[in-house]
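A short worksheet on the structure shown next.
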There are 2 protein chains.
Amino acid sequence: MQDGNVTSGNHGEDLLFLTDDNLLQGIELMFFAYKGFTSDPDRILQNYTYGRAHHRAVHFINRKRGITVNNLLDILGVTKQSLNRVLRQLVDDGLVESRVGTNDRRQRNLYLTQKGKDLEQELSDAQRVRMRAAFRDAGPDAVRGFRAVLENMIDPEMRKRVQGLKG
Amino acid sequence: MQDGNVTSGNHGEDLLFLTDDNLLQGIELMFFAYKGFTSDPDRILQNYTYGRAHHRAVHFINRKRGITVNNLLDILGVTKQSLNRVLRQLVDDGLVESRVGTNDRRQRNLYLTQKGKDLEQELSDAQRVRMRAAFRDAGPDAVRGFRAVLENMIDPEMRKRVQGLKG
DNA sequence: ACTTTATGTCAGTATTGTTGACATTCCAAG
DNA sequence: CTTGGAATGTCAACAATACTGACATAAAGT
């Protein structure tokens, strides 16, 4: 009697893909791929006075327009002092606009100006070029697997926080 | 007449998985997954006087015992001054041994001491726990996809440099 | 009125990266 | 054997990004 369902979860057998060797390979892949992943924007940012932290802020402000400072802090996982330095520069330079909240006037809602959108575009274009090539060469099935594994690697707490990004 | 080979490359159609939305999702997945990926070792390292840079050095010295400083520099992609600070601490603290090369006496071959191996083990154990869970829950097919996409994201130049790690 | 929340800011410090300069050691080519 | 260059180590200065702790302000909630 055989198990007819070979696509769903493992029932004790065929766990050979979980060897320490395979896990080690996965760990190093994460390291080297992330290095490649960040290299294009990093190169572009050298032409400005900005760094990776500015990129992240600009990215998520673009992603969720009107996001509050606290929301952004939760997503980035840094202290308000660290974010504030970056945010102040972006506001001073006219890339980000900080508006007092309408419902809760303590909050600040963050928006990209046109200048901010331009930088975001330049950075994300570069990042998409690499990602698109990687996706295309690997194929749609591989991309599904890529997504499944990476989703599982995210902290459960963080997963809750970033749910709003998908909707 | 249908295309019998559905697993190989795309022939012009079905590229819907390359939409900007999907690419954006991939970009954010990389960000959040990498954060999770590094969180366990980072937490452990707080109990020591070491940081992520020490972890990386210890990892690759363990991975390729007797590696030269120059080789390690190529893999890590940092300057010798940056690596040297980390390396000196590890040597001073008795986690890494630096032996003069036998063929070329200018080179230094790096080895982990027992103390170094202990730390490496503690860090990689934690990292493997997360990776194993992510792999297991996603399944072997997904892991193949994960690997394919991440391989494609690595800089071609870096890919050459790290070939030696697989053999 | 009092407390809590959201935000901003100042000061100090740690980690990790960078350049530039210089010294030492040692292989290799002339 | 001398010279050139490669590999390594070290010093100093600096930059980006993170942290903690403390304090201030304004507005919301009780």
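Numbers restart at 1 for each chain; the letters A, B, ... are given by sequence-line order, proteins then strands.
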Determine, stepwise, if the pair B/Tyr34 / A/Phe37 fulfils ring-ring contact (aromatic ring centres under 6.0 Å, His included). CA-CA 11 Å; B/Tyr34 194 77; A/Phe37 168 70; 8.9 Å; no
Give me the residues of residues 116-127 of chain A where at least one heavy atom lies under 4.0 Å from an atom of DNA chain C, by number, or none. none
Taking only heavy atoms on the protein side, list every residue of residues 88-96 of chain B lying under 4.0 Å from any atom of DNA chain C, sorted numerically.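 Per residue number, the list is empty: none.
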Integer-rounded Å distance: [N] [atom2] and [X] [atom1]:
X        : N      : atom1 : atom2 : value
A/Leu87  : D/dA18 : CG    : C1'   : 16 Å
B/Asn84  : C/dT19 : CG    : P     : 16 Å
A/Leu110 : C/dA6  : CG    : C1'   : 12 Å
A/Leu73  : D/dA18 : CG    : P     : 11 Å
A/Leu76  : C/dT7  : CG    : P     : 13 Å

Does the ring of A/Tyr111 carry A/Arg99 above it, NZ/CZ under 6.0 angstrom from centre and within 45° of its axis? yes
Once side-chain hydrogen bond (donor to acceptor under 3.5 Å, both in side chains) is applied, do any residues pair with [X], and if so which ones, sequence neighbours excluded?
X        : value
B/Asp155 : A/Arg130
B/Glu28  : A/His59, A/Arg63
B/His55  : none

Which residues pass the side-chain contact (heavy atoms from CB on, under 4.5 Å) test with A/Asn70, sequence neighbours left out? A/Thr68, A/Leu73
Excluding sequence neighbours, so at least two apart, what forms side-chain contact (heavy atoms from CB on, under 4.5 Å) with B/Arg128? A/Asp20, A/Leu23, A/Ile27, B/Gln121, B/Ser124, B/Asp125, B/Arg132
May I have all residue pairs that pass side-chain hydrogen bond (donor to acceptor under 3.5 Å, both in side chains) and include part of residues 76-90 of chain A, sequence neighbours excluded? A/His54-A/Gln89
If the sugar-phosphate is the primed atoms plus P, OP1 and OP2 and the base is the rest, what is the B/S/- string for nucleotides 20-26 of chain C, using protein heavy atoms under 4.0 Å? BB---BB
Applying salt bridge (charged side-chain N to carboxylate O under 4.0 Å, His left out) as the test, list every pair that has at least one member in residues 43-54 of chain A; sequence neighbours left out. A/Asp40-A/Arg43, A/Asp42-A/Arg52
Pairs meeting criterion salt bridge (charged side-chain N to carboxylate O under 4.0 Å, His left out) with involvement of residues 102-115 of chain B, two or more places apart: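 For residues 102-115 of chain B: B/Asp104-B/Arg106.
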Among D/dT8, D/dC19, C/dT18, find the nucleotide with the atom closest to the side chain of B/Arg85. C/dT18
Return no unless some side-chain N or O of B/Asn70 is found under 4.0 Å from OP1 or OP2 of D/dT8.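 Yes, B/Asn70 has a side-chain N/O under 4.0 Å of OP1/OP2 on D/dT8.
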Look at A/Thr79 and D/dC19 and indicate whether a side-chain polar atom (N or O) is within less than 4.0 Å of OP1 or OP2. yes
For atom NZ of A/Lys64, is the number of surrounding heavy atoms from other residues, nucleotides or ligands below 6.0 Å larger than 12?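 For A/Lys64, atom NZ is not crowded (no more than 12 foreign heavy atoms under 6.0 Å).
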On DNA chain D, nearest-nucleotide positions of A/Asn103 versus B/Thr68: which is more 5'?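 Closer to the 5' end of DNA chain D: B/Thr68.
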Hey, can you pull the residues of residues 38-56 of chain A with a non-hydrogen atom under 4.0 angstrom from DNA chain D? A/Gly51, A/Arg52, A/Ala53, A/His54, A/Arg56
A/Arg161/A/Glu157 ion pair, N-O < 4.0 Å: yes
